[in-house]
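Structure first, commentary second.
What you see below is based on every heavy atom in this structure, not just the backbone, and it leaves out hydrogens, waters and symmetry mates. Since the structure is predicted, the reported quantities are computational estimates derived from the model, not experimental observations. A note on names: the letters A, B, ... follow the listed sequences, proteins ahead of strands, and every chain is numbered from 1.
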2 protein chains.
Amino acid sequence: MKLAAVDIRQAASAADIVYDALRKAIVEGDLAEGENLRQDQIAQMFNTSRIPVREALSRLEQHGLITTERYKGAVVAGLSIEEIDEIFEFRALVEAEVIRLAVPNLDHDTLAAARGYCEEFGQETDSARWGEINRRFHYSLYAASQRPYYLQIVRTSLDRIDRYLRAQLTLTNGMMRAKREHEAILAACLNRDAGLASRLTRDHVLDAGRSLVAFLKDQRA
Amino acid sequence: MKLAAVDIRQAASAADIVYDALRKAIVEGDLAEGENLRQDQIAQMFNTSRIPVREALSRLEQHGLITTERYKGAVVAGLSIEEIDEIFEFRALVEAEVIRLAVPNLDHDTLAAARGYCEEFGQETDSARWGEINRRFHYSLYAASQRPYYLQIVRTSLDRIDRYLRAQLTLTNGMMRAKREHEAILAACLNRDAGLASRLTRDHVLDAGRSLVAFLKDQRA
DNA sequence: CCATTGTATATTGGATCCAATATTTCTATC
DNA sequence: GATAGAAATATTGGATCCAATATACAATGG
């Protein structure tokens, strides 16, 4: 007897589903900073009990995406200007290193994919999608570094500030500058110039951070 | 009426207590790699139910300290040589930067404390304490960087590999080399030479990583 | 009318119970 | 004695219930 290979994917637990959904909603900015997250309410939304919800919230708290207080509940975490600044500084350090490690491993398909995202970013008219395409562009290159631990850290760092970044990209048209910088990074990768790609990535992240901090300072004043 | 101020510290939840205790046990190597962690058994040890235990295990899994499988349970996570190597490489990058940022902020008290840990490390005869003192020495300096996010990342990175490092320090007398390197780092800090302190820290971490990887390759062969 | 106190409600953390499934042990058969 | 199948056991994930406490609001007294 011959059976077709079936992708029996282990059904994710309810806690995993809730975690993924809430993480996505927070990272993409669908849940506003300071918004209350009631266990009961979330449990009803997912047709489950509060137990898996609590587990999901506990994980989110570990990653700094929410804060919880006993008898009061969870709220989407807000970051101070200083915290945002620090995370950008950190990202610049790590992502510059990741791209430096990635460049020697970039193959044709990876570069083609990155070029695709780069162009898609420039042509996309729906500003809500810029953040997502931006992520894909960078990650498509970073993946070649073959450093899963670095990438996990980069992901959690980006998670913390992505919703601010998306708002800034949309509201200030910082997207035009990002587009030019992406093209420069991609060109350096195509030339196999790891040092240049690294420096450009560092500056790209720091620039984005500076723009965002300026934007937020203005907005919060 | 005059009352003395009382430090009513918020009692930690059971989940927090279990999490801290298990984390400590894993990081310090009291729980061996691959060891089974049964929810029921842990719950009994802490005189609580499985609910807070599950929450603690879920958090530990997020940090990569354990892996869980449905109907099978949790086991203390083991790391491959490649994973250990990557974490040391990452630590070298981040800790070198942290110390560079810390040096300009080092004040007299901090340096005195670091010197104290440095000497304590050299004089301690109980090898089980070397890992702890090593941590304290580095952290006492790192704290001056005033980068809480960096430090949180450093902590989770060190958590992953600390038990291997402690075993290696103890079994191969790599402690002597560590002692010399600590003294050099401390001297650079006293001289306010941020660049040198950074390079020495980088080399210190990479050296430790190389020694450990060599040790583990031998041990696992 | 305002401040204070008591009560009702909302909400979390934890305990106990139930369902699902992996593993182990036992039994019957060859 | 070895092996296949069935039953028992172990173990997790989730649902429901209970205890503790913060908040909101009404009642009361000045």
Side-chain angles (χ1 to χ4, degrees), chain A residues 1 3 6-23 25-26 31-78, chain B residues 1 3 6-23 25-26 31-78:
Chain A
M1 186 167 57
L3 286 177
V6 177
D7 177 16
I8 298 188
R9 72 182 53 210
Q10 180 70 268
S13 69
D16 291 338
I17 293 170
V18 174
Y19 172 76
D20 288 341
L22 288 178
R23 173 187 162 273
I26 294 171
L31 285 171
E33 174 177 326
E35 189 153 339
N36 281 314
L37 301 174
R38 304 287 160 74
Q39 293 178 4
D40 226 344
Q41 162 200 347
I42 297 168
Q44 282 174 14
M45 282 165 46
F46 289 92
N47 266 322
T48 180
S49 80
R50 282 170 42 225
I51 296 292
V53 173
R54 279 178 49 186
E55 202 177 307
L57 292 175
S58 168
R59 290 189 221 170
L60 290 167
E61 190 178 20
Q62 289 285 301
H63 286 304
L65 293 178
I66 64 172
T67 61
T68 68
E69 210 169 335
R70 192 166 187 175
Y71 307 121
K72 287 191 176 175
V75 296
V76 178
Chain B
M1 182 170 57
L3 285 177
V6 177
D7 177 18
I8 298 187
R9 74 181 52 210
Q10 180 70 268
S13 70
D16 291 338
I17 294 170
V18 173
Y19 172 76
D20 288 341
L22 288 178
R23 173 187 161 273
I26 294 171
L31 285 170
E33 174 176 327
E35 187 152 348
N36 280 316
L37 300 174
R38 304 286 161 75
Q39 293 178 2
D40 226 344
Q41 161 201 347
I42 296 168
Q44 283 175 13
M45 282 165 47
F46 289 90
N47 266 323
T48 181
S49 79
R50 282 170 40 223
I51 297 291
V53 173
R54 277 178 51 184
E55 203 177 306
L57 292 176
S58 168
R59 290 189 221 169
L60 290 167
E61 190 179 20
Q62 288 285 300
H63 287 303
L65 293 178
I66 64 172
T67 60
T68 67
E69 209 168 336
R70 191 166 190 176
Y71 307 120
K72 287 191 177 175
V75 295
V76 178

Check whether any side-chain heavy atom of B:Leu22 lies under 4.5 Å from a side-chain heavy atom of B:Leu57, and answer yes or no.
yes
Closest to side chain of [X], choosing from [options]:
| X | options | result |
| --- | --- | --- |
| A:Ile51 | D:dG13, D:dT16, C:dT12 | D:dT16 |
| A:Tyr71 | D:dG13, C:dA15, C:dT11 | C:dT11 |
| A:Arg38 | D:dT16, D:dT12, C:dT12 | C:dT12 |
| A:Lys72 | C:dA22, D:dA22, D:dA15 | D:dA22 |
| A:Ala15 | C:dG14, C:dA22, D:dG14 | D:dG14 |
| A:Pro52 | D:dG13, D:dA15, C:dG14 | D:dA15 |
| B:Gln39 | D:dG13, C:dG13, D:dT16 | D:dG13 |

Please determine whether a side-chain nitrogen or oxygen atom of A:Thr68 lies at a distance below 4.0 Å from atom OP1 or OP2 of C:dT12.
no
Atom pair distance, as rounded to whole Å: CZ in B:Arg50 and P in C:dG13:
19 Å
Value in whole Å for how far the P atom of C:dA15 lies from CD of B:Glu55
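The distance from CD of B:Glu55 to P of C:dA15 comes to 12 Å, rounded to the nearest Å.
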Using side chain to side chain contact (heavy atoms under 4.5 Å, CB included), reason through A:Gln41 and A:Asn36 one step at a time and then give a plain yes or no.
CA-CA 10 Å; A:Gln41 162 200 347; A:Asn36 281 314; over 6 Å; no
With a 4.0 Å cut-off on N to O distance, would you call A:Arg23 and A:Asp16 a salt bridge?
no
